[in-house]
Amino acid sequence: MAKSRRGRAAPESVSEPVQGGTAELRPDRDRPRAWTLLIDDAPQSHVDLDDPAHLTFAYQRRLGHIADLAAPPGKPLNVLHLGGGALTLARYVAATRPRSTQQVVEIDGPLVQLVRRHLPLESGWRIRVRGGDAREGLAKIPDGWADLIIADVFHAARTPAHLTSAEFVTEAARALRPGGFYAANLADGPPLAFVKAQIATVRTVFRELCLTAEPAVLRGKRFGNAVLLAADRELPVAELTRRAATDPQTARVEHGRALLDFTGGAAPVTDATAVASPAPPASVFE
């Protein structure tokens, strides 16, 4: 076992087969009890057991900003996470909004068990993890239960088609309380056809939308993540813009007419026409 800079035995990586491929928990050499989750060598999420409010990945920080702004600071929320990974965002909400009630739907049972064994949740957190398909799990949520729904589902680095349709977004709206937030992590590259179609699709259900991503992604220069936020009330665009501009990985927020122009003539997708998000190029993981 390797030695850390403090002379202690450094933790070693843990690898196990899971439903989505080979999962690896790789220790963070700069943070003593922090780990990165990789699936088939692709980084998925990062957890710091000593500081669950620390978000390393840019897309997770953007989703964290949304959780911060979903209600007054510290107010407990009902949150539904579609896609669990290492449960990073559920930990974040539990740490920043104590007494929040959270449900996580994750289809990969072996991954959940791996994370629970090596990255255990704190006993006082109100986090329930359910196995199963995200859309089936969503259908079990009572009407108006959630203050925030986070859709962050990937299988083989792609969002499944049935989680991209207008019917799926309509089901999410049903589960939200009035004024609740729907947030989706989207991955796309040039010419951003998938992201544009998702904006058009979500707009058929929600009145207000905004999109946050790095400028190079928005310009179609490279593959990357974009976070879409929607609600039936005014969004905190000014504060999201401020946070995006001051993030270590600077991003831009598109809203209103600019977002409409960005979407162009993209058409909404339905269950009959939906396709999975595009696979990332191999260079993304190099």
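What's counted below: heavy atoms across the whole structure, side chains too, no hydrogens, waters or symmetry copies.
One hydrophobic cluster holds both Ile149 and Val205 under the rule that ILVMFWY side chains link at heavy-atom gaps under 4.5 Å.
Residue-environment remark: CZ (Arg99) stays at or below the threshold of 12 foreign heavy atoms within 6.0 Å.
For the pair Leu209/Leu229, no side-chain contact is recorded, criterion being any heavy-atom separation below 4.5 Å from C-beta on. Looking at heavy atoms from C-beta onward, Glu208 lies out of side-chain contact with Asp232 at the 4.5 angstrom threshold. Residues Leu49 and Arg91 form a side-chain contact, since some pair of their non-hydrogen atoms from C-beta on lies under 4.5 Å apart. Annotation: side chain of Val237 is in contact with side chain of Thr241 (closest heavy-atom distance under 4.5 Å).
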* To do: Apply side chain to side chain donor-acceptor pair (under 3.5 Å) to the pair Ser13 and Glu24, showing each step before the final yes or no.
  => CA-CA 7 Å; Ser13 295; Glu24 178 187 358; 3.2 Å; yes
* To do: Evaluate the side chain to side chain donor-acceptor pair (under 3.5 Å) criterion for residues Gln102 and His81: first the C-alpha distance (whole Å), next the side-chain angles of each, then the deciding distance (0.1 Å), finally the verdict.
  => CA-CA 8 Å; Gln102 302 185 76; His81 303 263; 2.6 Å; yes
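Rounding to the nearest 0.5 Å places SG of Cys210 at 10.0 Å from CD of Glu254. Atom CD1 of Ile199 and atom CG of Leu259 lie 4.5 Å apart (nearest 0.5 Å). Taking CG from Leu148 and CZ from Arg97, the interatomic distance works out to 9.0 Å, rounded to the nearest 0.5 Å.
Residues satisfying the side chain to side chain contact (heavy atoms under 4.5 Å, CB included) criterion with Lys140, sequence neighbours excluded, are Arg130. The side chain to side chain donor-acceptor pair (under 3.5 Å) search around Gln19 returns none, not counting sequence neighbours. Remark: Asp50 engages Arg33, Asp48 in a side chain to side chain contact (heavy atoms under 4.5 Å, CB included) (not counting sequence neighbours). For Arg128, the side chain to side chain donor-acceptor pair (under 3.5 Å) criterion is met by no residue, not counting sequence neighbours. Every residue meeting the side chain to side chain contact (heavy atoms under 4.5 Å, CB included) condition with Thr204, not counting sequence neighbours, appears here in chain and number order: Ala166, Pro268. Evaluation of the salt bridge (charged side-chain N to carboxylate O under 4.0 Å, His left out) rule for Arg222 yields Glu214 as partners, not counting sequence neighbours. Taking the side chain to side chain contact (heavy atoms under 4.5 Å, CB included) definition, one finds that Ala244 meets it with Thr212, Ala251, Val253, sequence neighbours left out. Residues passing the side chain to side chain donor-acceptor pair (under 3.5 Å) test with Asp51: none are found, sequence neighbours excluded. Residues that satisfy the salt bridge (charged side-chain N to carboxylate O under 4.0 Å, His left out) test with Glu171, not counting sequence neighbours, are Arg174. Applying the side chain to side chain donor-acceptor pair (under 3.5 Å) test to Arg219 and every residue at least two apart in sequence or in another chain returns nothing.
Residue pairs meeting the ring-ring contact (aromatic ring centres under 6.0 Å, His included) criterion with at least one member in residues 91-149: none, sequence neighbours excluded. Applying the ring-ring contact (aromatic ring centres under 6.0 Å, His included) rule to pairs touching residues 162-186 yields Tyr182-Phe206, sequence neighbours excluded.
Looking at His65 and Glu239, their side chains never bring a donor and an acceptor atom within 3.5 Å of each other. A donor atom on one side chain and an acceptor atom on the other are found under 3.5 Å apart for Asn225 and Asn185.
A salt bridge links Arg257 with Asp261: the closest approach of a Lys/Arg side-chain nitrogen to an acidic carboxylate oxygen falls below 4.0 angstrom. One finds a salt bridge joining Arg117 and Glu16 here, because a Lys/Arg side-chain nitrogen approaches an Asp/Glu carboxylate oxygen to under 4.0 Å. In this structure, Arg61 does not pair ionically with Asp68, as no charged nitrogen and carboxylate oxygen lie closer than 4.0 Å.
Of the possible polar contacts, one joining the Glu167 side chain to the Asp271 backbone as a donor-acceptor pair under 3.5 Å is found. Ser45 places no side-chain N or O within donor-acceptor distance of the main-chain N or O of Thr88, the cut-off being under 3.5 Å. Of the possible polar contacts, none joining the Arg26 side chain to the Thr36 backbone as a donor-acceptor pair under 3.5 Å is found.
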